[in-house]
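Scope of the values below: all heavy atoms of this structure, side chains included, with no hydrogens, waters or symmetry mates.
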Amino acid sequence: MNMAGKFGLILSGKCIRNFNIPSLNTGLSVFGGVRVCRRLRSVGTTAQQGDDDAAQLNYDTRVDLAAVYRSLQNYNLHEGVCNHLTAKAPRRDGSGGTIMLVIPYGIHWKEVTASMLLGVDMKTGEVVEGDQEPEISAFEIHRAIHTARPDIKVSFHVHPPYLTALGLLKDPEILMAHQNVIPYYKDIAYDTDFDGFGTSSDEGQRLASVLGNKSVLMMCNHGVLCVSDNAARGFDMIYYLERCAMFQVLAMSTGREIKILSKDLLERVKKESDVIQQRYHDAHFNCVKHTLLKEEPDYRT
């Protein structure tokens, strides 16, 4: 790829949009309206190919994360401008470092674009892509989660109505009563020791410890956090867990006893789910991205 040219965003094998990037040998330059520092080598070298690959993966990750921000907003699963979603990506300058992409504080999720996302160096905590700042709890919570869980690529924290409501109860358990919750059988952790807004590294590390090796953390008196090795699963997880919480709250409102699925059934169907579930995650996420392309195409810029 010629770095002085354009990125082609590929979806279903078709180039749907060209994305302009700065020309070669640029120092401090503009990337989608944000001033960033770039170091690029000459075209044609092996190192340049590595730079090209890193820049493309960085951009692809930005597009997916921007799509999650927009889509969760469209589903009304966000809250104001204070929730946060993050994803790990290589630095686009090809230096070999890993960054955590996150929204600048004060941006409405309806306005998130790929290029405006900040890149926080995972080792130093410095913003190395973008010239704004992340919200402090986004920085502390997600950096600690990503550091503790090198197996994950995304960490999504939101305050959706029904999951958050369950977290206000003395017993906040998500009951294994509906088929859509089976994929998360034995994969949900509960933090019942709310200790403030999560604005310190100690609180981020504490939350990472409570999450352990699970995919979901019910942050009682607060919200929920989901982690995954891909954006499609993380997005789908929030959507369906919120639906399960909604069904549970509605069922509880009847005052009648809820029928819990048997352990044998849960274990059998969970194994089936582990094999096939990713295709459903991908299908849902691809559908919402397709809708965004028609209705909000600027998200990928």
Side-chain angles (χ1 to χ4, degrees), residues 11 61 63-87 101-103 108-110 112 138 142 145 152-167 172-190 211 214-219 222-252 261 269-270 272-296 299-300:
L11 183 64
T61 305
V63 168
D64 276 354
L65 187 57
V68 177
Y69 272 107
R70 293 283 188 104
S71 298
L72 289 180
Q73 189 276 332
N74 289 339
Y75 279 138
N76 199 27
L77 299 180
H78 68 310
E79 187 176 54
V81 295
C82 291
N83 295 174
H84 20 82
L85 318 172
T86 61
L101 296 172
V102 63
I103 190 174
H108 195 278
W109 288 20
K110 190 74 172 177
V112 175
H142 291 270
I145 296 291
I152 67 169
K153 298 296 184 184
V154 300
S155 173
F156 298 160
H157 171 60
V158 287
H159 301 170
Y162 290 97
L163 281 168
T164 303
L166 286 182
E173 183 181 3
I174 299 175
L175 300 177
M176 294 292 135
H178 189 273
Q179 67 170 12
N180 288 346
V181 80
I182 296 176
Y184 312 107
Y185 176 56
K186 294 185 177 180
D187 202 20
I188 303 173
Y190 294 85
L211 173 65
K214 295 185 172 12
S215 299
V216 182
L217 177 62
M218 282 289 285
M219 302 167 68
H222 187 168
V224 67
L225 182 138
C226 297
V227 301
S228 177
D229 62 353
N230 65 86
R233 180 172 181 264
F235 166 76
D236 208 37
M237 197 184 315
I238 289 176
Y239 175 85
Y240 278 104
L241 283 171
E242 173 66 1
R243 297 286 291 184
C244 289
M246 180 184 74
F247 297 148
Q248 180 174 330
V249 170
L250 291 173
M252 291 168 65
L261 301 173
V269 180
K270 174 67 162 67
E272 296 174 5
S273 172
D274 289 344
V275 174
I276 66 172
Q277 201 68 23
Q278 187 61 50
R279 65 180 293 187
Y280 292 95
H281 302 323
D282 291 339
H284 187 193
F285 193 42
N286 286 335
C287 283
V288 298
K289 287 197 290 184
H290 181 67
T291 301
L292 288 174
L293 286 173
K294 292 191 297 182
E295 300 177 357
E296 305 173 43
Y299 85 92
R300 64 188 191 269

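Of all heavy-atom pairs between Y299 and A67, the closest is CE1-CB, 3.6 Å. Between K270 and Y185 the shortest heavy-atom distance is CE-O, 3.5 Å. Looking at every heavy atom in both residues, G167 comes nearest to P172 through CA-CB, 4.0 Å. The heavy-atom pair separating Q179 from P183 by the smallest distance is O-CD, 3.7 Å.
Between the side chain of Q73 and the backbone N or O of H78, no donor-acceptor pair lies under 3.5 Å. A donor-acceptor pair under 3.5 Å is formed between the side chain of Y69 and the backbone N or O of L85. A donor-acceptor distance shorter than 3.5 angstrom exists from the side chain of Q248 to the backbone of E173, with no hydrogens or angles considered. With S155 contributing its side chain and T86 its backbone, the two residues share no donor-acceptor pair below 3.5 Å.
Annotation: the span from S71 atom OG to I238 atom CD1 amounts to 11.5 Å, rounded to 0.5 Å. Separating the CG atom in L225 from the NE2 atom in H157 is a distance of 7.0 Å, to the nearest 0.5 Å.
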Self-check item: Step-by-step side chain to side chain contact (heavy atoms under 4.5 Å, CB included) determination, I174 to L163
Solution: CA-CA 8 Å; I174 299 175; L163 281 168; 3.7 Å; yes
Quiz item: Stepwise, does the side-chain hydrogen bond (donor to acceptor under 3.5 Å, both in side chains) test hold for T164 with H159?
Solution: CA-CA 6 Å; T164 303; H159 301 170; 5.8 Å; no
Self-check item: Evaluation steps, side chain to side chain contact (heavy atoms under 4.5 Å, CB included), between W109 and N83
Solution: CA-CA 9 Å; W109 288 20; N83 295 174; 3.5 Å; yes
Practice problem: For the pair H178 and R243, evaluate side chain to side chain contact (heavy atoms under 4.5 Å, CB included) and give the outcome as yes or no after the intermediate values. | Solution: CA-CA 10 Å; H178 189 273; R243 297 286 291 184; over 6 Å; no
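Looking at heavy atoms from C-beta onward, V181 lies out of side-chain contact with L261 at the 4.5 angstrom threshold. Taking 4.5 Å as the limit, some side-chain heavy atom of L65 sits within range of a side-chain heavy atom of F156. By the 4.5 Å heavy-atom criterion applied to side chains, V158 and Y75 are not counted as neighbours. Between L166 and M218, the closest side-chain pair of non-hydrogen atoms falls below 4.5 Å. Residues V224 and V216 are in side-chain contact: their nearest non-hydrogen atoms beyond the backbone lie under 4.5 Å apart. Looking at L293 and K289, their side chains never come closer than 4.5 Å, going by heavy atoms from C-beta outward.
Residues in residues 69-87 take part in these salt bridge (charged side-chain N to carboxylate O under 4.0 Å, His left out) pairs, two or more places apart or across chains: R70-E296, R70-D298. Listed by first then second residue, pairs satisfying salt bridge (charged side-chain N to carboxylate O under 4.0 Å, His left out) with a partner in residues 174-189 read K186-E267, D187-R233, not counting sequence neighbours.
A donor atom on one side chain and an acceptor atom on the other are not found under 3.5 Å apart for E295 and T291. Q278 and N230 share a side-chain donor-acceptor pair at under 3.5 Å.
Every residue two or more places apart in sequence or in another chain that forms a ring pair (Phe, Tyr, Trp, His ring centres under 6.0 Å) with F285 is listed here: F235.
Under the 30°/60° scheme for interplanar angles, the aromatic rings of Y239 and H284 are found to stand perpendicular.
In this structure, Y162 places its OH atom where only 12 or fewer heavy-atom neighbours from other residues, nucleotides or ligands lie under 6.0 Å away.
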